[in-house]
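Heavy atoms only: backbone and side chains are in, while hydrogens, waters and symmetry mates are out. Read the numbers this way: they start at 1 and go in the same order the structure lists the ligands and their atoms. Since the model is a prediction, treat every value here as computed from it, not as a measurement.
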Amino acid sequence: MDPIKQVKQLAQFGFSLAASQFGEHNRSSSDAKLWVLMYHRILPKNDSRFALEEPGMVVTPEVFAMHLREAKKLFELVSLSDWLSKADSGQALPAKACAITFDDGWLDNYQYALPILEQQQVPATLFAVADKIGTSFRFWPNIVSELVALKSVALLNHPILSEAAKLIDLPYSLEQVANCIAQLKAYSEDELFSALEAIGWSTELADTPPALMDWSQLAAMHTSGLVEIGSHTSSHRRLSNGSSDAVFDYEIAKSRTHLEQQLGQPTPLFCFPNGDYNCEVLQRVQQTYTAAVTTQRGINRLKTLQPHELLRISLHNDVSDTPLKFRARLSGWR
Ligand SMILES: [Zn+2]
């Protein structure tokens, strides 16, 4: 092996070892702390949906089950809304608590995460995209990834998609697709979806089974008694770039009433799509919800708690597929 690569791997291992041993998860403190773990998709490696997904989005069922077992050794596993209501009313809290969250409402959460949550009796919060539940909606990054995999020359037909078009002539890695998706986030959802419509993406791609849960599956998550449902907006539009009052009402307020009407339960929690927000968005969310989760990395402390800007730790397979790497990820170290 290349000696530089070897030294890098050794340094990485040393860092993980130190972080897993000496991070905040292993220290005692008088201030109550809350770790909020962020998951997206739970998919086995041999599932066809795994092959095209961004590496930063997926954890396998085996790794997810390992995370829960390890987390139980370190923390009290709590429901996010329970912990928040105890914090709000000044009740006693565990020194180190941990809440599990899932973003987007993927069908695989119902298929693979729910049985593991039930088996290990762990509560969780799932943030669903209200108007996309039970539809054939595909998120634009998945559409782009599938078009690249198909080497679709249609990508050449729109300037916004030129970064993705560059990959179709090359042997490429999923990391390169993820970088391309990160660059495309410079454009709004409206711009991206109209570019994809303009190149006729739906005629390029075969129909696939729905990627998201339907209402009955979402209700089953809830009636398990373990999973609370929060809002992840109505359409998954990122909210920080110049949205109108009507858009805020639709995405922030309507998504809450829609979920509450369908599920017959209060929905006091919100999750910002892509973690994007500004002062105006934050104000709207504060008016409508008890609390909200971001994608900013960190550990929440009771003394400095910002309930509408909760920090989270994102988990995916390549950064957490061993107990050592998982503990290092929880350390609070960069
Ligand atoms: Zn999302």
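Looking at Arg138, its side chain never comes within 3.5 Å of a backbone N or O of Ser136 through a donor-acceptor pair. Although no hydrogens or angles enter the test, the distance criterion places a donor-acceptor pair under 3.5 Å between the side chain of Gln217 and the main chain of Asp214.
Looking only at N/O/S atoms, His236 comes nearest to the Zn ion (ligand 1) through NE2. For the Zn ion (ligand 1), the nearest N, O or S atom contributed by Asp104 is named OD1.
Residue contacts to the Zn ion (ligand 1): His232 brings an N, O or S atom closer than 2.8 Å.
Taking the centre and axis of the six-membered ring of Tyr289, the NZ or CZ atom of Arg256 falls inside the cone set by 45° and 6.0 Å.
Contact check on Asp276 versus Arg237 returns no salt bridge, with no Lys/Arg side-chain nitrogen under 4.0 Å from an Asp/Glu carboxylate oxygen.
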